[in-house]
Each structure stands twice: as C-alpha cells, then as structure tokens.
Engineer: 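Below are the structure tokens for one structure; questions will follow.
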Number of protein chains: 2
Amino acid sequence: MVTIADIAREAGVSRATVSLALNGKPGVAPETRRRVLEIAERLNYQPNASAKGLALQKTQTIGVIVPDISSPFYAELVRGVEEEAGKHDYHLILCTTAGKRAREAAYLRLLGERRVDGMILATPRGQEEAIHRFREARFPLAIVDRDIPSADEIIEVVVDNLQGALTAVEYLLDLGYRRIGFINGLPDLQASRDRLRGYQLALRERGIVPDKHWICVGDYQEKGGYRCMQRLLKVKPPLEAVFVASDLMAMGAIRAIRKAGKDVPGDIAVVGFDDIPLSEFFNPPLTTVRQPIARMGAIACRLLLQEIRGETILERKVTLRTELVVRASTPSAEKGGDKQGK
Amino acid sequence: MVTIADIAREAGVSRATVSLALNGKPGVAPETRRRVLEIAERLNYQPNASAKGLALQKTQTIGVIVPDISSPFYAELVRGVEEEAGKHDYHLILCTTAGKRAREAAYLRLLGERRVDGMILATPRGQEEAIHRFREARFPLAIVDRDIPSADEIIEVVVDNLQGALTAVEYLLDLGYRRIGFINGLPDLQASRDRLRGYQLALRERGIVPDKHWICVGDYQEKGGYRCMQRLLKVKPPLEAVFVASDLMAMGAIRAIRKAGKDVPGDIAVVGFDDIPLSEFFNPPLTTVRQPIARMGAIACRLLLQEIRGETILERKVTLRTELVVRASTPSAEKGGDKQGK
DNA sequence: GACCATTTCTAAACCGATTAAATCACATCG
DNA sequence: CGATGTGATTTAATCGGTTTAGAAATGGTC
C-alpha cells in the first residue's frame with residue numbers, strides 16, 4: 001500500500017510537505033504541489049483512514065443503531081441518514097440490535113471504541129444511563145423516534161404522534177364511525193403512548209368512552225396486527241373501524257378481517273400509521289398517517305453533523321408534522337357521509 | 001479519553017505490559033494482569049480502534065455496498081450479513097449507491113481508504129475493472145446475487161435463478177396454463193438473464209413458443225411491475241398467467257390486474273420471485289420462488305471472514321437452491337386440474 | 001553587504017496502540 | 001560463587017498520518 005512516505009521519496013520532498021500539499025494547506029510552492037498531486041494520482045495513493053483518524057481524532061464516521069434493518073420503517077430511516085451523511089463525506093456504521101438490550105449496550109461500547117464522531121440512536125427505551133454518560137462527555141448524539149426526558153443537550157427528532165393519532169381518529173369519527181378500535185405497538189416506545197393518548201383524546205372529545213376491549217397491544221409487526229385484529233373481531237357489538245399504530249400491523253389486521261370473511265373498508269375501515277413505501281401499493285391501498293421517515297433520518301443526521309462541527313444549533317428538539325393520507329382502506333367521503341346520515 | 005498510558009501510570013508499569021495484559025498475551029505476572037484489568041475496568045478504558053487499526057493493519061470492519069437499503073431484498077440481505085458479522089466481532093460500513101455508477105466507484109475508493117478488511121458487493125454490473133484490481137491485490141471480496149465471469153478467486157454467492165424460474169413456470173404449466181407472460185427486471189443483472197432463460201426453457205420444453213409481446217422489462221420495483229402488467233393486459237388473446245421476476249413487481253402487477261377489474265388468481269395467476277418478508281402477508285398471499293436472502297448474506301459474510309483470516313476455502317462459488325412457495329396468487333391444485341381438463 | 005521579511009520546506013513530536021529485542025531480578029546448578 | 005536460565009518487564013521502533021517550530025532559501029531595502 002502506498003503511503004505518504006512513498007510520495008515524499010518520489011517527489012524528493014519531506015512527508016510534511018506532501019501532507020500539506022495533499023490537504024490544500026498554504027505554504028507549498030505551486031510547482032511542488034502540482035508534482036505531489038501528480039505523483040499521488042499516479043501511484044493511486046489512498047490515505048489511510050486509521051492513521052488519519054488517529055492523528056486528527058476524527059473518523060468521519062457516525063454510528064447508527066436501529067432494532068432491525070429489515071423492517072421497512074428503519075430501513076427508510078437509515079436511508080435518510082445515509083443519504084445526508086454521504087453528502088458530507090461521512091460514513092455509516094450500521095448496528096442492529098434485534099431489540100436486545102445487551103446488543104444495544106455492546107454496540108454502544110463498540111462505537112465508542114471506534115471513536116465515531118457521533119451516533120444516531122433509534123431504539124426503544126433502555127440505555128438511559130449510557131445516554132446520560134454520552135451527554136456528560138459532550139459526545140454528539142441524536143435520538144430519533146423516541147422521547148428521552150429531561151436532556152436538553154441531546155438532539156431529538158420525533159414526529160407529533162399525538163397529533164397524528166388525533167387526526168386519524170377524528171377522520172374516522174367524521175366518517176360517522178363511533179365504535180373505533182385501536183391496535184397499538186409496544187408501550188415501551190413513547191410513540192406508542194402518544195398514539196394511544198391521541199386515540200383516547202379524539203374519542204373523548206366526541207363524548208365516546210373507549211371500552212378497554214377495543215384496544216389491543218401488538219408489536220409493530222404484521223403478525224401482531226393479525227393477532228390483535230382477531231381479538232378485536234370478537235368485540236360485541238362489532239367495531240366499525242380500527243386505528244392501527246403501524247402500517248405493518250394494519251396489513252396484518254386487514255388480513256385477519258378478510259380471513260373472517262369481512263370486507264375492508266365495507267365492514268371495517270382501517271387507518272394505519274407510518275406510510276411505509278409499500279402502503280400505497282397494498283391491497284387495498286392503506287389510508288394512513290404519513291411520517292416523513294427518511295426526512296427524520298436526514299434531519300437527525302444534519303443536526304448531528306452540525307453538532308460535530310461545533311456549529312451552534314438553535315433548537316435540538318425537532319418535531320415534524322404528520323399528514324393523513326386517505327386511500328382505500330377507509331370508505332370514500334360520500335359513503336362516509338351516507339353512514340353519518342343514518 | 002483514557003489511553004493505555006493512563007493505565008500504565010496508574011498501575012506503575014509500562015505501556016507494553018498493559019497491552020500484553022489487556023490482550024491476554026503470555027508473559028505477564030498474574031497479579032500484574034489482575035491489577036491492569038481492574039484499573040482498565042475502573043477507568044472505563046476503551047481501546048482506540050484507529051490506533052489499533054493502524055498498528056495491526058486490520059480494522060475489524062467490512063464494507064457492504066448495495067443499491068438501496070430501503071428495498072426489502074437488500075434490507076434482508078444486509079440483515080443476514082450484519083448478523084453473521086456481529087458473531088465474529090466485525091462491523092459493517094453501509095454504502096448505498098442508488099444504482100449510480102459514480103457512487104459505486106466513490107464508495108469503492110472510500111472503503112479502500114478505510115482499509116476495511118473485506119467487502120461485500122451486491123450491485124448490478126459495473127466496476128468490473130475495480131473488481132479485478134481488488135482481485136489482483138488479493139483483497140478479500142465477496143459478490144452476492146451477481147455473476148462476475150472468469151474470476152475464480154472471488155467469492156460469489158448466488159441463487160440458482162434459472163432453476164427457480166424453470167420451476168415456477170413449470171408449475172404454472174402444470175396448472176394447465178399455456179399463455180404465460182413474463183415480467184423481468186433490468187437485464188444488466190445476470191439474475192434477470194437467467195430468469196428469462198428459465199422462463200423460455202420451460203415453455204419450449206412444452207412446445208410453447210413465447211411471443212415477444214408476452215415479455216416486459218421492469219425495474220424490480222412495484223411501479224415497474226404495475227406498468228408492465230398494464231402492457232401485458234393488452235395482449236390478445238389474453239394471458240392466463242404471469243411469472244414476475246420479483247415480488248415487488250408482482251405486487252404491482254396484481255395492482256394493475258385488479259385495477260382492470262380482473263381477479264387474481266381467477267382471471268390471471270401470478271407467481272413472484274424472492275419471497276420478501278411481506279409476500280406472505282400480501283393480499284392475496286404471493287405464490288413465489290423463495291430465495292434464502294438473509295442466508296445468502298450470511299454465507300457471503302462467513303466466507304469473506306474465512307478469506308480474511310486466511311483460512312482455506314474449498315469452494316468460493318456458492319449456489320443456493322430456490323424453493324417454490326405456493327400461496328394464493330395461483331389457484332389451488334384442484335382448480336388448476338379443472339383448468340387442465342378443459 | 002548587512003539586515004529583514006517572506007516563502008518554502010523540513011525535523012521532530014505526536015496521536016494510541018503493538019511487538020521484537022533488550023534488560024532485569026532471581027532462582028538453580030555445577 | 002559465578003554461570004546460566006527463566007519469567008517479568010521495559011525500551012524503542014513501528015504503523016501512517018498531522019502539525020508546530022524553526023531552518024534554509026530568496027528577494028528587497030537601505
């Protein structure tokens with residue numbers, strides 16, 4: 001592997017000069033610089049990132065920790081991060097934890113050893129004290145899709161889950177439904193708790209007291225949605241609609257509904273959450289609360305890089321708005337109007 | 001940040017001794033080792049990976065290049081790689097190219113600078129000469145889901161695409177269909193070419209000459225499948241079935257078919273390829289050719305690590321078998337039997 | 001020609017580890 | 001008692017860069 005010393009020898013100058021020349025620093029004669037560059041090119045010189053990292057105490061790398069890269073939500077999130085990072089010549093070390101606390105802790109440690117310049121964390125709960133250690137060490141950290149209470153210094157990018165859930169359920173109410181079920185994700189995510197609150201709030205606003213049997217806790221996966229829906233189908237009198245805390249679970253719910261010989265949205269209307277790439281193409285296309293997933297990743301990354309560069313950041317807490325996307329898993333407005341008319 | 005020197009000072013020994021103690025090397029008195037370990041623990045010592053990388057010429061990192069992490073296929077592939085890598089204490093640097101040759105080249109270069117211990121490449125075509133450079137430099141490289149001709153030394157993990165396509169189309173033929181269309185992916189992937197050949201072979205075996213209008217080239221995405229199917233729906237007399245080279249496209253095809261007011265599998269049967277996680281839950285559940293995607297990633301990773309460790313590898317070319325998974329986008333056997341009877 | 005300022009370049013220290021070779025302390029043996 | 005061996009430890013070089021202080025060369029001024 002060709003090093004700076006090789007170039008120095010070839011060019012008949014010192015290593016210091018080569019370094020200065022290659023990095024465009026002042027104090028090198030134009031002719032010398034030209035020659036060094038030309039030789040570097042010819043020898044196909046590739047600066048050793050480890051050496052550079054050691055000397056500069058900077059690795060041009062950020063660590064990303066997610067539960068599972070094969071989940072569409074996290075895949076999309078990572079895509080957003082990666083695109084933004086790439087623009088700034090930063091690399092990603094990808095860590096997936098499979099939801100295991102132990103792996104989370106191990107990766108947190110490993111990324112520390114790697115001396116990554118910053119980290120993006122998108123895992124549910126856990127590692128609170130690790131997070132506070134980082135904060136105290138003024139280590140750049142961004143948290144996505146999760147509220148970590150009382151830590152002003154930490155970058156946080158979330159979506160307004162309460163508002164999103166509220167809007168979704170209000171939409172169902174406007175369509176004339178009153179018996180509306182809710183399939184939630186695991187309650188160790190702040191997002192789940194907020195969506196639950198939004199659901200409850202919307203119903204209460206209209207004077208509806210949700211029965212606790214209308215609510216089921218899933219796992220954000222397809223199967224959880226399927227299982228929950230099977231439970232909710234037993235509710236008497238039957239539910240008219242369900243709000244589901246993730247699109248993956250909404251797909252499972254729809255599968256369960258059809259398996260029971262019922263129609264979506266004819267018998268039961270379904271609203272999901274996330275708007276993962278496939279929701280648009282699902283059958284039926286999902287009415288859902290869109291989160292700007294990739295954008296959340298990109299914003300977290302951008303803020304993190306600003307923090308790394310030591311730029312001043314006006315606001316470390318970013319809350320993005322959701323948007324209700326109406327497709328075919330809920331009846332079209334006219335039909336809803338009919339229903340309301342009854 | 002605490003370094004080996006801090007520990008040395010604290011323990012009253014030299015840095016060399018600390019290094020030996022921490023790495024479990026012989027020649028350190030048990031009592032000294034104990035003390036060093038205890039101090040390292042207490043100071044929360046984290047070895048600097050850059051320094052280590054520089055000294056050992058080894059980074060415990062592999063680079064992974066894929067076109068797009070938010071595509072279910074590649075997400076699943078990366079998951080397989082990551083799991084395997086994690087077992088061996090290896091980290092992943094994730095690079096996505098969005099199919100752009102320029103980004104591919106840039107990442108190849110950057111990973112070189114990172115001195116990753118090896119690379120896994122899962123991109124269509126391109127970079128042939130870069131690949132050959134790596135090969136000549138005896139740099140560990142594994143290629144997944146793509147044939148790179150004439151390079152025995154390079155690890156390659158592929159699936160038997162021809163066999164898979166053949167089986168799928170034969171299955172449709174056995175169901176009694178004769179007018180079978182084909183939606184392919186971009187022909188710059190060897191996989192696409194093999195699947196096309198499998199399709200043609202199966203038909204020819206039964207004395208059917210596929211009309212060129214039965215074949216459409218998509219892009220492996222949902223939208224491509226939709227677009228292609230719209231074209232294939234115009235074929236007269238109408239096709240009875242389509243074989244689609246990816247599940248994502250199959251989903252698009254089904255969307256188009258339903259939009260045209262036809263039923264799957266009643267009017268047109270559909271067989272996909274890949275068996276991505278959602279295919280099982282799609283509506284209708286997809287009959288498809290299963291690729292062991294995560295396993296391909298894991299195997300590529302394992303072989304790569306063996307290569308890195310300098311272990312002898314018996315066979316660098318691994319071809320995995322596919323498996324036809326029958327679900328509901330094709331009629332059940334009885335119905336097919338009827339059809340054949342006509 | 002002496003003096004000074006600039007420009008260009010280099011020597012050497014440093015980043016934080018590993019490791020081969022040298023040294024040291026101490027026990028064993030002839 | 002001196003030679004020898006052994007185990008523990010240290011010294012110093014090394015990996016491949018960056019950076020600072022200062023040397024050397026150049027040119028201008030009086």
Side-chain angles (χ1 to χ4, degrees), chain A residues 1-37 39-40 43-61 89 91 109-117 137, chain B residues 1-37 39-40 43-61 89 91 109-117 137:
Chain A
M1 198 91 278
V2 21
T3 73
I4 226 171
D6 299 321
I7 300 179
R9 196 177 323 112
E10 185 86 6
V13 297
S14 72
R15 287 159 46 203
T17 303
V18 175
S19 175
L20 295 175
L22 289 175
N23 291 304
K25 301 256 169 96
V28 181
E31 162 57 15
T32 310
R33 167 159 297 154
R34 217 214 76 258
R35 200 156 29 106
V36 167
L37 257 37
I39 293 172
L43 300 184
N44 187 31
Y45 167 70
Q46 297 185 307
N48 183 319
S50 291
K52 227 166 169 153
L54 184 57
L56 296 177
Q57 304 283 34
K58 204 152 168 311
T59 53
Q60 293 285 111
T61 307
D89 258 313
H91 273 190
R109 178 176 187 85
L110 246 45
L111 290 179
E113 298 185 357
R114 281 286 151 101
R115 303 293 193 270
V116 292
D117 296 341
Chain B
M1 198 89 279
V2 21
T3 72
I4 226 171
D6 299 320
I7 300 179
R9 196 177 323 110
E10 185 87 5
V13 296
S14 74
R15 288 158 46 207
T17 303
V18 174
S19 174
L20 295 176
L22 289 175
N23 290 305
K25 300 258 171 95
V28 182
E31 161 56 17
T32 311
R33 166 160 296 150
R34 219 213 75 257
R35 206 167 26 150
V36 167
L37 256 36
I39 293 172
L43 299 184
N44 188 29
Y45 167 69
Q46 297 186 308
N48 183 317
S50 291
K52 227 168 167 151
L54 184 57
L56 296 178
Q57 303 283 37
K58 202 154 168 313
T59 54
Q60 293 285 111
T61 307
D89 260 313
H91 273 189
R109 180 179 185 84
L110 247 43
L111 290 179
E113 298 187 357
R114 281 285 149 103
R115 303 291 195 268
V116 293
D117 296 340

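In this text the structure is predicted, and so the values were computed from the model without any measurement. Every chain is numbered from 1, with letters handed out A, B, ... down the list of sequences.
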Engineer: Tell me which of A:L22 and B:G27 sits closer to the 5' end of DNA chain D, going by the nucleotide each one is nearest to.
Structural biologist: B:G27
Engineer: Of all the nucleotides listed (D:dT10, D:dG17, C:dT10), which has the minimum atom distance to the side chain of B:S14?
Structural biologist: D:dT10
Engineer: For C:dA17 and B:S19 - does any side-chain N or O of the residue sit under 4.0 Å from the phosphate oxygens OP1/OP2?
Structural biologist: no
Engineer: Rounded to the nearest 0.5 Å, how far apart are CZ of B:R15 and CG of B:L20?
Structural biologist: 12.0 Å
Engineer: Does B:R35 reach the main-chain N or O of B:A11 with its side chain, forming a donor-acceptor pair under 3.5 Å?
Structural biologist: yes
Engineer: Looking at A:N48 and A:S50, would you say the former's side chain and the latter's main chain have a donor-acceptor pair under 3.5 Å?
Structural biologist: yes
Engineer: Looking at C:dA11, C:dG16, D:dA8, which one has an atom nearest to any side-chain atom of B:P30?
Structural biologist: D:dA8
Engineer: Respond yes when some side-chain nitrogen or oxygen of A:S50 is under 4.0 Å from OP1 or OP2 of D:dC15, and no when none is.
Structural biologist: no
Engineer: Report the distance from atom NZ of B:K25 to atom C1' of C:dA20, rounded to the nearest whole Å.
Structural biologist: 12 Å
Engineer: Rounded to whole angstroms, how far apart are CD on A:E31 and P on C:dT7?
Structural biologist: 18 Å
Engineer: Compare every heavy atom of B:R114 with every heavy atom of B:T59, then report the nearest pair and how far apart it is.
Structural biologist: CG2-O, 3.5 Å
Engineer: So, is A:Q57 close to the C:dC14 phosphate, meaning a side-chain N or O under 4.0 Å from OP1 or OP2?
Structural biologist: no
Engineer: Give the minimum heavy-atom separation between A:R115 and B:Q46, together with the two atoms involved.
Structural biologist: NH2-O, 2.8 Å
Engineer: Is any side-chain N or O of A:N23 closer than 4.0 Å to OP1 or OP2 of D:dT18?
Structural biologist: yes
Engineer: Could you give the CD-to-P distance, from A:E113 to C:dC15, as a whole number of Å?
Structural biologist: 20 Å
Engineer: Between C:dT8, D:dG16, C:dA12, which nucleotide has the shortest distance from any of its atoms to the side chain of A:A16?
Structural biologist: C:dA12
Engineer: Can you tell which of C:dA17, C:dC15, C:dT19 lies closest to the side chain of A:L54?
Structural biologist: C:dC15
Engineer: Could you pull out the closest heavy-atom pair between A:Y45 and A:L22, with the gap in Å?
Structural biologist: CE2-CD1, 3.5 Å
Engineer: Is there a donor on the side chain of A:R15 or the base of D:dG17 sitting less than 3.5 Å from an acceptor on the other?
Structural biologist: yes
Engineer: Can you figure out which of C:dC9, C:dA17, D:dG17 approaches the side chain of B:N48 most closely?
Structural biologist: C:dA17
Engineer: Ignoring backbone atoms, test whether A:T32 places a side-chain nitrogen or oxygen under 4.0 Å from the OP1 or OP2 oxygen of C:dC9.
Structural biologist: yes
Engineer: Of A:A5 and B:R33, whose nearest nucleotide on DNA chain D comes first from the 5' end?
Structural biologist: B:R33
Engineer: What is the distance, rounded to the nearest whole Å, between atom NZ of A:K58 and atom C1' of D:dG17?
Structural biologist: 15 Å
Engineer: Atom OH of A:Y45 to atom P of D:dG16: distance rounded to whole Å?
Structural biologist: 10 Å
Engineer: Heavy atoms under 4.0 Å, any strand shown: does A:T3 hit a base, just sugar-phosphate, or nothing?
Structural biologist: sugar-phosphate
Engineer: D:dT9 P sits how many Å from B:L20 CG, rounded?
Structural biologist: 10 Å
Engineer: Atom CE of B:M1 and atom C1' of C:dC14: how far apart are they, to the nearest Å?
Structural biologist: 19 Å
Engineer: Choosing from D:dG17, D:dC15, D:dT9, which nucleotide comes nearest the side chain of B:A55?
Structural biologist: D:dC15
Engineer: Can you measure B:I4 atom CD1 to C:dT19 atom C1' for me and round it to whole angstrom units?
Structural biologist: 12 Å
